[in-house]
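Below is one structure; the comments refer to it alone.
As the structure lists them, so they are numbered: ligands from 1, and atoms in each ligand from 1. Owing to the predicted nature of the structure, the values given are computational and were not obtained by experimental measurement. Residue numbers run from 1 in the order of the sequence given.
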Amino acid sequence: MLSKKMEKALNKQVNAEFYAAYLYLAISADFSRKSLNGMADWYHKQAQEEVEHAMKFYNHIQERQGVVILEPIAAVPSEWATPMSAFKAALVHEQKVTGMINALMDIAVGEKDYASQSFLKWFIDEQVEEESEATANIDRLTMLGGKDGKSISGGSLYQLDKLMGKRSGE
Ligand SMILES: [Fe+2]
Ligand SMILES: [Fe+2]
């Protein structure tokens with residue numbers, strides 16, 4: 001059985017994961033409109049992963065006889081001025097999620113909720129990967145187009161778009 005405190009925090013996480021899916025879908029739509037189809041594809045896959053994350057939390061709440069509470073999902077922007085601004089928005093959200101997962105683990109440890117600790121371990125590892133991938137996108141764009149990515153040539157942007165389109169659907 002989950003404590004009320006843990007149940008509330010887990011529900012908040014369900015919302016944050018769906019928010020991430022919204023954010024990545026919006027980024028994907030924006031890239032798609034600009035014919036950056038590889039980048040659009042990358043964020044589309046990322047959005048699907050976030051829905052899977054949300055469902056893992058949903059299932060954990062259910063399996064522990066908690067109550068799933070689906071709060072409204074906050075609106076996300078529909079346009080980013082540059083690819084770099086979209087990449088950075090993604091990293092900022094991943095960093096926020098990492099902080100939330102760490103806070104969930106703190107609650108689980110404090111309450112000696114071993115089942116939640118075991119469940120959260122996967123997310124602790126996953127966030128290392130998520131932040132590293134979000135940072136790699138920024139690094140590649142910086143390499144090709146400077147700090148804000150704005151001096152990227154058309155040819156390099158095309159190559160980066162192609163590379164990001166090769167992301168597997170793991
Ligand atoms: Fe996630
Ligand atoms: Fe994520």
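- For the residue pair Thr135/Ser132, the side-chain donor-acceptor check at 3.5 Å is not satisfied.
- Not a single N, O or S atom of Glu130, from either the backbone or the side chain, sits less than 2.8 Å from the Fe ion (ligand 1).
- Checking Glu50 against the Fe ion (ligand 2), an N/O/S atom falls under the 2.8 Å cut-off.
- Taking the six-membered ring for Trp and thresholds of 30 and 60 degrees, Tyr43 and Phe31 have ring planes inclined between 30 and 60 degrees apart.
- Looking at Val51 and Tyr24, their side chains never come closer than 4.5 Å, going by heavy atoms from C-beta outward.
- Heavy-atom minimum distance, Ala108 versus Gln117: O-NE2, 3.1 Å.
- When the N, O or S atoms of His53 are ranked by distance to the Fe ion (ligand 1), ND1 comes first.
- Among the atoms of Glu94, an N, O or S atom is found under 2.8 Å from the Fe ion (ligand 2).
- Nearest N, O or S atom of Glu17 to the Fe ion (ligand 1): atom OE1.
- Cluster membership check: Leu144 shares its hydrophobic cluster with Phe87, using side-chain heavy-atom separations under 4.5 Å among Ile, Leu, Val, Met, Phe, Trp and Tyr.
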